[in-house]
Asker: 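Quick one: structure below, then a few questions.
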Amino acid sequence: MANLLIRRLAAAGVILAFFVVGVGAYTRLADAGLGCPDWPGCYGFLTVPESEVDVSDAEQRFPEAPVEIEKAWWEMGHRYIAGALLALVFATFLVAWRFRGQQTPTKLITALLIIILCQAAFGAWTVTLKLWPQVVTAHLLGGFTTLSLLWILLLKQGAFRSIHRGLPAPGRLAGLALVAVVLQITLGGWVSSNYAALACPMFPSCDGSFTPDIDLIEGFNIFQAAGPNYLGGLMDNDARKAIHWAHRLSAIVVSLIVVCLAVRLLPHNRFVASVIFVVLATQISLGVTNVLWALPLINATLHNVFGALLLIMMVTVNFAPRLRIVAS
């Protein structure tokens, strides 16, 4: 009974985590990451100030941050959904420890709770450090880690048993594909947090050249100082081009590795292999159209969501064959 409840909570958690990833991506891409300049409230309120009196009060408190109601609601909406996910994970933690004698996966759920608590801290630092790229990228990775752990928990509780069938023991190629996808997601986060998505406005070339002028040292300087406000980015264009071009080139390498893995999986589990092909093809298409269409918000948000889906597939291939399924 306890494990069935955990399975349901994990399923709800996976759905919520996808919403957190999607809404978080949209919030960042819409330049709404500082829609509320304080944390955990918004201009000192529990919700977004909308009345004339509240807006006036808010702008007196934060004269450097005029109220933009739509952006503030995206930011607070992201916080509300993330808060709901934290509450759900905490409830799962309580259930697991209450029934720990029934083979509940307490260690996995405890790790999940720790990760999501760290996520809350990174969410606060994202605001207080004014979108410092290091923190924004770490926050993104924490969200993807939370989603991955919830997915592993769901599989461990016996969901989607057909996924397990036929999957071979993960070898070096599967491990390499997982590492490659994680690194590509990290690089994508660095592109986004440094506002480098439009640094190369052409495709397949960068700015009419396949050997653009780039500044790798500045582009990948992880010791850059915080702030005072990183909204819009502080790097020059050659540094941003370095990040963007590296992301494109690495995408080619990652795609080749993932395609090789999917081909190897075809004889064992055609469904999983096919999903990997579809998700990868969609992700590549979204990346290309991001450039050709000058980063439309929905398109760019979906690029983040399909990056999460690709990671989920790599996690599945690497961990599903190893899981000891818990009886419901």
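The residues of the chain are indexed from 1 along the displayed sequence. Fair warning: this is a prediction, and the values are worked out from it, not measured in the lab.
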Asker: Counting N and O atoms only, with roles assigned by atom type, does the side chain of Arg248 sit under 3.5 Å from a partner on the main chain of Gly287, one being a donor and the other an acceptor?
Answerer: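 It does not hold such a pair.
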Asker: Is the shortest heavy-atom distance from the side chain of Leu173 to the side chain of Ile257 under 4.5 Å?
Answerer: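 Leu173 vs Ile257: side chains touch.
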Asker: Could you list the donor-acceptor pairs under 3.5 angstrom formed by side chains in residues 82-99, with sequence neighbours left out?
Answerer:
from: Thr92; atom 1: OG1; to: Leu88; atom 2: O; distance (Å): 2.9
from: Trp97; atom 1: NE1; to: Thr110; atom 2: OG1; distance (Å): 3.2

Asker: Determine the minimum heavy-atom distance between Val291 and Met202, stating which atoms define it.
Answerer: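 Here Val291 and Met202 meet closest at CG1-O, 3.5 Å.
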Asker: Within a radius of less than 6.0 Å around CZ of Arg322, do more than 12 heavy atoms belonging to other residues, nucleotides or ligands occur?
Answerer: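 Enclosed: over 12 neighbouring heavy atoms sit under 6.0 Å from CZ of Arg322.
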Asker: Rest of the hydrophobic cluster containing Leu183 (Ile/Leu/Val/Met/Phe/Trp/Tyr, side-chain heavy atoms under 4.5 Å)?
Answerer: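 When side chains under 4.5 Å apart are linked, the cluster holding Leu183 also contains Val179.
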Asker: Are Leu140 and Val136 close enough that some pair of their side-chain heavy atoms sits under 4.5 Å apart?
Answerer: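 A side-chain contact is absent here, since even the closest heavy-atom pair is not under 4.5 Å.
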Asker: Is a donor on one side and an acceptor on the other found under 3.5 Å between the side chain of Gln119 and the backbone of His139?
Answerer: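 Confirmed, Gln119 side chain pairs with His139 backbone.
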Asker: OH of Tyr80: more than 12 outside heavy atoms within 6.0 angstrom?
Answerer: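 Counting other residues, nucleotides and ligands, OH of Tyr80 exceeds 12 neighbours.
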Asker: Which disulfide (SG to SG under 2.5 Å) pairs, counting each pair once, include a residue from residues 137-193, with sequence neighbours left out?
Answerer: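 Qualifying pairs: none.
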Asker: Excluding sequence neighbours, so at least two apart, what forms side-chain hydrogen bond (donor to acceptor under 3.5 Å, both in side chains) with Ser193?
Answerer: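 By the side-chain hydrogen bond (donor to acceptor under 3.5 Å, both in side chains) rule, Ser193 matches Thr137.
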Asker: Can you check whether Asp57 reaches Pro49 side chain to side chain, under 4.5 Å on heavy atoms?
Answerer: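 Answer no - side chains too far apart.
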Asker: Kindly state each residue pair satisfying disulfide (SG to SG under 2.5 Å) with at least one member in residues 12-45, sequence neighbours excluded.
Answerer: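 Every pair satisfying disulfide (SG to SG under 2.5 Å) with a residue in residues 12-45: Cys36-Cys42.
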Asker: Which pair of non-hydrogen atoms, one from Leu297 and one from Ala30, has the smallest distance, and what is that distance?
Answerer: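 Nearest pair, atom of Leu297 first, then Ala30: CD2-N, 3.7 Å.
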Asker: Taking the side chain as C-beta and beyond, is there a heavy-atom pair between Phe220 and Leu187 under 4.5 Å?
Answerer: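 When only atoms from C-beta onward are counted, Leu187 and Phe220 do touch, with a gap below 4.5 Å.
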Asker: Return each pair, listed once, that meets side chain to side chain donor-acceptor pair (under 3.5 Å) where at least one residue sits in residues 275-289; pairs must be two or more places apart or across chains.
Answerer: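 Listed by first then second residue: Gln283-His303, Thr289-Asn299.
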Asker: Report yes or no: does His244 contribute a side-chain atom to a donor-acceptor pair with the main-chain N or O of Ala197 at less than 3.5 Å?
Answerer: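 At least one qualifying donor-acceptor pair exists.
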Asker: Please check if the side chain of Ser192 supplies one atom and the backbone of Gly188 the other of a donor-acceptor pair under 3.5 Å.
Answerer: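 Checking the backbone N and O of Gly188 against the side chain of Ser192, no donor-acceptor pair under 3.5 Å is found.
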Asker: For residues 1-34, which residue pairs qualify under disulfide (SG to SG under 2.5 Å), counting only residues two or more places apart or in two chains?
Answerer: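 Listed by first then second residue: nothing to list.
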Asker: Could you tell me if the side chain of Leu234 sits less than 4.5 Å from the side chain of Gln224, heavy atoms only?
Answerer: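 Counting from C-beta outward, Gln224 and Leu234 never come under 4.5 Å.
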Asker: I need the full list of ring pair (Phe, Tyr, Trp, His ring centres under 6.0 Å) pairs touching residues 39-66, with sequence neighbours left out, sorted by first then second residue.
Answerer: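 Of all non-adjacent pairs touching residues 39-66, those that pass ring pair (Phe, Tyr, Trp, His ring centres under 6.0 Å) are Tyr43-Phe62.
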Asker: Tell me whether the count of non-hydrogen atoms from other residues, nucleotides or ligands lying under 6.0 Å of CD in Glu64 goes above 12.
Answerer: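 Yes.
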Asker: Which residues pass the salt bridge (charged side-chain N to carboxylate O under 4.0 Å, His left out) test with Asp54, not counting sequence neighbours?
Answerer: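 In terms of salt bridge (charged side-chain N to carboxylate O under 4.0 Å, His left out), with neighbours along the sequence ignored, Asp54 is linked to no residue.
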Asker: Enumerate, atom names and distances included, each donor-acceptor pair closer than 3.5 Å involving a side-chain atom of residues 305-319, sequence neighbours excluded.
Answerer:
from: Thr316; atom 1: OG1; to: Trp151; atom 2: NE1; distance (Å): 2.7
from: Thr316; atom 1: OG1; to: Ile312; atom 2: O; distance (Å): 2.8
from: Asn318; atom 1: OD1; to: Gly175; atom 2: N; distance (Å): 3.3
from: Asn318; atom 1: ND2; to: Ala174; atom 2: O; distance (Å): 3.0
from: Asn318; atom 1: ND2; to: Met314; atom 2: O; distance (Å): 2.8

Asker: Kindly work out whether a path of hydrophobic side-chain contacts (I/L/V/M/F/W/Y, heavy atoms less than 4.5 Å apart) joins Leu153 to Ile114.
Answerer: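 Shared cluster, no.
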Asker: Just by distance, do the side chain of Glu68 and the backbone of Gly35 share a donor-acceptor pair under 3.5 Å?
Answerer: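 No; zero donor-acceptor contacts below 3.5 Å.
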Asker: Return the minimal non-hydrogen interatomic distance between Glu218 and Ala239, and the atom names on each side.
Answerer: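 So the minimum-distance heavy-atom pair works out to CG-CB, 3.6 Å.
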Asker: Which pairs, with at least one residue in residues 191-214 and sequence neighbours excluded, count as a salt bridge (Lys or Arg N to Asp or Glu O under 4.0 Å)?
Answerer: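 Sorted result for residues 191-214: Asp207-Lys241.
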Asker: Search all heavy atoms of Pro133 against all heavy atoms of Trp190 and return the closest pair with its distance.
Answerer: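 Result for this residue pair: CB-CZ3, 3.7 Å.
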Asker: For the CZ atom on Phe277, are there more than 12 heavy atoms of other groups (residues, nucleotides or ligands in this structure) within a distance under 6.0 Å?
Answerer: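 Count over threshold, so yes.
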Asker: Do Arg28 and Tyr195 have side chains that approach each other closer than 4.5 Å (heavy atoms only, starting at C-beta)?
Answerer: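 The answer is no, as the side chains (C-beta and beyond) never meet within the 4.5 Å cut-off.
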Asker: Is Arg79 paired with Glu75 through a side-chain N to carboxylate O contact shorter than 4.0 Å?
Answerer: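 Yes, Glu75 and Arg79 are salt-bridged.
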Asker: How close do Gly158 and Arg161 get, counting heavy atoms only, and between which atoms?
Answerer: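 Closest approach of Gly158 to Arg161, heavy atoms only: O-CG, 3.1 Å.
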Asker: Side chains of His78 and Val20: does their closest heavy-atom pair fall under 4.5 Å?
Answerer: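 They are in contact (side-chain heavy atoms under 4.5 Å apart), so the answer is yes.
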Asker: Do Asn269 side-chain atoms and Ile163 backbone N/O form a donor-acceptor pair below 3.5 Å?
Answerer: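 Side chain of Asn269 to backbone of Ile163, a donor-acceptor pair under 3.5 Å: yes, one is there.
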Asker: Please check if atom CD in Glu70 has more than 12 non-hydrogen atoms from other residues, nucleotides or ligands closer than 6.0 Å.
Answerer: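 Counting neighbours around CD of Glu70, 12 or fewer heavy atoms of other residues, nucleotides or ligands fall under 6.0 Å, so no.
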Asker: Sequence neighbours left out, what pairs pass disulfide (SG to SG under 2.5 Å) with at least one residue falling in residues 160-213?
Answerer: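 For residues 160-213: Cys200-Cys206.
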Asker: Is there side-chain contact between Leu154 and Phe160, with heavy atoms separated by less than 4.5 Å?
Answerer: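 Yes; the side chains approach each other to less than 4.5 Å.
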Asker: Measure across Trp245 and Ser209 and return the closest heavy-atom pair with its distance rounded to 0.1 Å.
Answerer: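 It is CH2-O, 4.4 Å.
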Asker: Do Ser250 and Gln184 pair up side chain to side chain, a donor and an acceptor below 3.5 Å, judged on atom types alone?
Answerer: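 Side-chain D/A pair, Ser250 to Gln184: present.
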